[in-house]
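First the structure, in the form of structure tokens, and then the observations on it.
One-based numbering, in listed order, for ligands and for the atoms of each.
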Amino acid sequence: MASSLEYSLFGLENPLLDYYIAGGEEILAKYGLKANDAILAGDEHMGIYTEACSSYSAGGAAQNSMRAAQYVMPPNSTVFTGCVGNDKFAEMLRESNDKAGLRSEFSVDPDTPTGVCAVVLTKNGANRSLITNLGAANHYKLEHLQKPEVWAFVEKSRVIYVGGYHLTVCVDAILALAKHAAEKNKPFVLNLSAPFIPQFFKDQLDSVMPYADVVICNETEAAAFAESHGVESTDLKDIALAIAGYSKVNNARSRAVVITHGAESTNVAQDGKVTVYTPNRVPAEEVVDTNGAGDAFAGGFIAALAKGQGIDYAITLGHWLGQECIKVSGTTLAEPKKQYPLP
Ligand code: 26A
């Protein structure tokens with residue numbers, strides 16, 4: 001029998017293949033990159049995709065979150081869309097999503113290669129620099145989302161998750177999902193994704209923000225939001241309250257703003273107050289690399305919402321998946337699956 005959570009979680013963003021580059025610090029210097037950042041590749045960065053690659057794995061921030069969400073949900077709970085090319089990398093993404101139990105509903109642009117993200121790890125994986133060439137992911141269109149066979153999954157969903165990185169791609173598709181969520185009173189969850197989104201895609205972000213029932217970001221994205229939106233404080237609690245107070249379309253739900261901060265406490269603002277949640281520390285000797293920790297956190301958070309759980313549970317499950325992610329290389333989680341220790 002199908003579970004009552006069947007396709008309860010719908011996600012949209014950029015399906016990317018992560019391309020791990022060997023060479024750390026030297027590569028950062030060669031291409032003028034920051035040790036911990038996420039950027040869109042400019043012409044000056046294109047050479048990086050011809051550097052020696054140590055491994056490939058499925059990436060794309062929201063696609064990672066959706067795989068993480070599926071990790072703690074019954075089979076067939078999650079479906080993800082975005083645009084890929086007609087190539088080997090697209091096949092690798094489909095295979096990896098299939099393996100994780102995440103349903104891929106990709107649109108295919110046969111003329112453009114699947115998007116790639118060069119990942120440069122330094123300081124034993126404590127820092128990661130992400131340089132994305134969106135390729136086909138940049139060609140996602142509203143028409144694909146509106147196809148009856150795709151929109152049926154939107155209708156079926158209980159929670160909708162959009163990675164803010166998609167604000168550079170197709171705001172119309174994001175707004176269609178956001179409006180559906182508001183009409184049907186489903187939680188619409190938006191991740192700010194990277195500092196460059198509130199900095200350089202402010203108008204796009206501001207057009208979607210009124211629909212966001214939950215905003216997830218980390219401390220650097222929160223700071224970038226504050227700076228671009230005239231929030232005169234560097235205190236994460238003040239920023240969380242300011243984002244929560246931004247105008248809202250669906251007033252049947254008050255907005256929750258979740259600001260993660262690595263191993264430090266997570267601040268959650270809702271209804272004019274801030275609650276602080278402290279994650280368990282992963283002992284240093286167990287940390288393999290922190291790439292994808294924030295994606296895994298978001299995955300746990302949205303899985304909990306789809307299961308009908310409240311914020312406390314969602315944060316705790318998010319913290320657990322984030323911790324499990326950093327104990328494993330890349331943006332993946334341990335196989336065979338670990339069981340979430342709480343009921
Ligand atoms: C538009 N950009 C820059 C991006 C990304 C991205 N996912 C979607 N759009 N830049 C990096 N990532 C993904 O972030 C994950 C780590 O959090 C990488 O693919 C990586 O898997």
Side-chain angles (χ1 to χ4, degrees), residues 11-21 33-42 45-46 48-49 53 55-69 80-84 89-90 92-93 96-97 100 102 106 114-121 125-140 161-171 173-174 190-201 204-205 216-221 224 260 262 288-301 318 321-322 325-326 328-333:
L12 164 70
E13 210 209 43
N14 309 319
L16 304 178
L17 192 80
D18 285 352
Y19 184 106
Y20 285 77
I21 312 255
L33 301 165
K34 292 187 198 158
N36 226 344
D37 203 3
I39 61 165
L40 287 169
H45 300 123
M46 289 304 171
I48 202 167
Y49 304 103
C53 170
S55 65
Y56 293 107
S57 74
Q63 185 170 241
N64 295 335
S65 297
M66 294 295 291
R67 277 188 276 104
F80 178 73
T81 193
C83 185
V84 295
F89 283 2
M92 287 160 79
L93 291 185
S96 140
N97 288 349
L102 169 61
F106 294 146
T114 296
V116 285
C117 175
V119 182
V120 185
L121 297 177
N127 288 334
R128 96 282 184 269
S129 197
L130 307 170
I131 308 95
T132 293
N133 184 8
L134 278 171
N138 209 16
H139 296 175
Y140 192 76
Y161 181 61
V162 172
Y165 280 127
H166 204 74
L167 287 163
T168 78
V169 175
C170 186
V171 177
I174 301 177
L190 180 70
N191 199 310
L192 295 189
S193 298
F196 83 85
I197 296 293
Q199 266 164 359
F200 302 121
F201 292 84
Q204 292 88 333
L205 174 59
I216 302 177
C217 64
N218 69 18
E219 78 284 10
T220 60
E221 295 145 17
T260 61
V288 176
D289 83 64
T290 60
N291 189 25
D295 303 341
F297 170 86
F301 188 94
L321 275 179
C325 173
I326 68 179
V328 182
S329 165
T331 57
T332 49
L333 292 157

Nearest-0.5 Å distance that lies between atom CD1 in I197 and atom CG in L167: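 Taking CD1 in I197 and CG in L167, the distance rounds to 5.5 Å.
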
ring-ring contact (aromatic ring centres under 6.0 Å, His included) involving Y20 - partner list, sequence neighbours excluded: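 Checked Y20 against ring-ring contact (aromatic ring centres under 6.0 Å, His included); zero matches.
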
Counting heavy atoms only, name the option from N191, V169, T132 that's nearest to atom 10 (N) of ligand 1.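 It is T132 whose heavy atom sits nearest to atom 10 (N) of ligand 1.
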
Between the candidates F201, Y19, Y165, which shows the shortest non-hydrogen contact distance to atom 3 (C) of ligand 1?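 The option holding the nearest heavy atom is Y165.
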
If you measure every N or O of T331 against every N or O of ligand 1, does any of those distances drop under 3.5 Å?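 T331 vs ligand 1: no N/O contact under 3.5 Å.
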
Pairs of nitrogen or oxygen atoms closer than 3.5 Å, one from T168 and one from ligand 1: do any exist?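 No: no nitrogen or oxygen of T168 is under 3.5 Å from one in ligand 1.
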
For ligand 1, which atoms sit closer than 4.0 Å to a heavy atom of [X]?
| X | value |
| --- | --- |
| E13 | 7 (N), 8 (C) |
| N291 | 16 (C) |
| C117 | 11 (C), 18 (C), 19 (O) |
| D295 | 15 (C), 16 (C), 17 (O) |
| L134 | 1 (C) |
| G59 | 19 (O), 21 (O) |

Do N191 and Y165 have side-chain N/O donor and acceptor atoms under 3.5 Å apart?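 Result is no, nothing qualifies.
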
Could you tell me the residue and atom name of the protein heavy atom closest to atom 7 (N) of ligand 1, and the distance to it rounded to 0.1 Å?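 Minimum-distance protein heavy atom for atom 7 (N) of ligand 1 reads A61 N, 3.0 Å.
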
Please state which protein non-hydrogen atom is closest to atom 19 (O) of ligand 1 and give its distance, to 0.1 Å?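 Checked against all protein heavy atoms, atom 19 (O) of ligand 1 sits closest to D18 OD1, 2.5 Å.
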
Flag side-chain contact, heavy atom, 4.5 Å: F200 against T168: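 No, every pair of side-chain atoms sits at 4.5 Å or beyond.
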
